[in-house]
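The structure appears below as structure tokens.
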Amino acid sequence: MEKHNLTMLNEFILMGITDHSELQARLFWLFLIIYVISVVGNLGMIVLTKIDFKLQTPMYFFLRHLAITDLGYSTTVGPKMLVNFVVDENTISYYFCAIQLAFLLVFIITELFILSAMSYDRYVAVSMSYDCYVAICNPLLYTVIMSQRTCWVLVAIPYLYSIFVSLLVTMKIFNLSFCGYNVISHFYCDNLPLLSLLCSNTHEMESIILILAAFDFISSLLIVLVSYLLVLVAILTKKSTEGRHKAFSTCGSHLMVVVFYGTLIFMYMQPKSSHSFDTDKMASIFYTLVIPMLNPLIYSLRNKDVKSALHRTLGQLCNVFSQSSLYHVMVCFNFFLCACGQDSKHKSMEKFNIYFYITFFQSVYYEL
């Protein structure tokens, strides 16, 4: 496609998922439902693992940060994509495009290494399948090895590294010269579609992205595979059938990471000669919207601890709302009594009202 002379772009035009107008409304409602389920599920996982006393373990600490990254990159892409379904022109400003790319890279790279951190040991900034490995092989050493300080280090390193890589890539791309053609062949700002719009020599930038992507994918995936191999060995050496079943149920759901890695490798590691932005769109939909929706469902619906915590939290909320409703009924009742209290014949009702308040607050106190 012909490129024009160098110009200062103020905005980009996003091609979107499809140009078939008859599919726009259906896709809007489909992706809206997926996004809402993703937000509710991940926010629920974050809140549950934060407030429930039985979920204060390293495993749920890492699941909470996995939910944060899922919520982060789905929210970076989802709302703008939904807006583009209902507007006539799918535009995104120059600076918002840079911000979207930066946040997307932060959350994607962080998730890669948090998945690794959910997989191996503290020596390589990782820990969940190692988390499982320690819990299975040495349950008494589990709380010592997976201390709170270790967990925070294993989470902090991916965040700091991903911020560094995100700023490096985003600043390098947006400091290069764009041509007059400003149509991005995607439904969000990603580095590969943006490189195709540059008039500058992109060989250096392509090499940087390829090296960083290869390092991120290979290192994190290698940690995951080695860790799960250790977990498998630990499971097979257990003599107890019940112990094997518990180990499989604890670590089996974590194999969802294979799908996440597969879609990213398909997008960023395929040869340039066979690269297609249409196939990239399908893979992007899967890892930016579908996987963030599936992760909280997989980790919660198959997990007895999470389901028990959800029942406890909902029960507490029901108690709070029922007490709040009773309080508002009492306030209205008190207002009625005060209105009638000037008449001496209602003094007995005032005494009853005071007694009712005392009984109510005593019940709340004992409930707490």
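Hydrogens, waters and symmetry mates play no part in the numbers below; they use all other heavy atoms, side chains included.
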Gap separating the [atom1] atom of [X] from the [atom2] atom of [Y], nearest 0.5 angstrom:
X: I223; Y: S220; atom1: CD1; atom2: OG; value: 7.0 Å
X: T76; Y: I99; atom1: OG1; atom2: CD1; value: 11.0 Å
X: L63; Y: N42; atom1: CG; atom2: CG; value: 10.5 Å
X: I173; Y: D190; atom1: CD1; atom2: CG; value: 8.5 Å
X: F61; Y: W152; atom1: CZ; atom2: CH2; value: 4.5 Å
X: T75; Y: L104; atom1: OG1; atom2: CG; value: 11.5 Å

Do you know the tightest heavy-atom contact between [X] and [Y]?
X: T110; Y: P158; result: OG1-O, 3.8 Å
X: I184; Y: C97; result: CD1-SG, 4.1 Å
X: C151; Y: P58; result: SG-CB, 3.7 Å

Just by distance, do the side chain of [X] and the backbone of [Y] share a donor-acceptor pair under 3.5 Å?
X: Q100; Y: V77; value: no
X: D52; Y: K54; value: yes
X: S93; Y: F96; value: yes
X: Q56; Y: T49; value: yes
X: N182; Y: E11; value: yes
X: Y73; Y: Y287; value: yes
X: T170; Y: L167; value: no
X: S38; Y: I34; value: no
X: K281; Y: G16; value: yes
X: T69; Y: E111; value: no

Next on the checklist: Could you go through F12 and T91, starting from their C-alpha distance and side-chain angles, then the distance that decides it, and tell me whether this counts as side-chain contact (heavy atoms from CB on, under 4.5 Å)?
Outcome noted: CA-CA 6 Å; F12 295 96; T91 60; over 6 Å; no

Next on the checklist: Applying side-chain contact (heavy atoms from CB on, under 4.5 Å) to V87 and N84, what does each step give before you reach the verdict?
Outcome noted: CA-CA 5 Å; V87 296; N84 288 343; 4.2 Å; yes

Joint cluster assignment, [X] & [Y], ILVMFWY side-chain distance < 4.5 Å:
X: V153; Y: I163; value: no
X: L30; Y: M293; value: yes
X: I51; Y: I68; value: no
X: V40; Y: I291; value: yes
X: F53; Y: M45; value: no

Next on the checklist: Can you confirm whether more than 12 heavy atoms, excluding those of F103, are under 6.0 Å from its CZ atom?
Outcome noted: no

Checklist entry - More than 12 foreign heavy atoms under 6.0 Å from CD of E204: is that the case here? => result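 No, because the 6.0 Å sphere around CD of E204 holds 12 heavy atoms or fewer from other groups.
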
Checklist entry - In terms of ring plane angle, is the pair F113 and Y161 parallel, tilted or perpendicular, where the classes change at 30° and 60°? => result perpendicular

Next on the checklist: Checking F217 against L221 for the side-chain contact (heavy atoms from CB on, under 4.5 Å) test, could you report, in this order, the C-alpha distance in whole Å, the side-chain angles of both residues, the deciding distance, and whether it holds?
Outcome noted: CA-CA 6 Å; F217 293 146; L221 184 58; 5.7 Å; no

Next on the checklist: Pair I209, L195 - check side-chain contact (heavy atoms from CB on, under 4.5 Å), show working.
Outcome noted: CA-CA 11 Å; I209 292 174; L195 288 180; 3.7 Å; yes

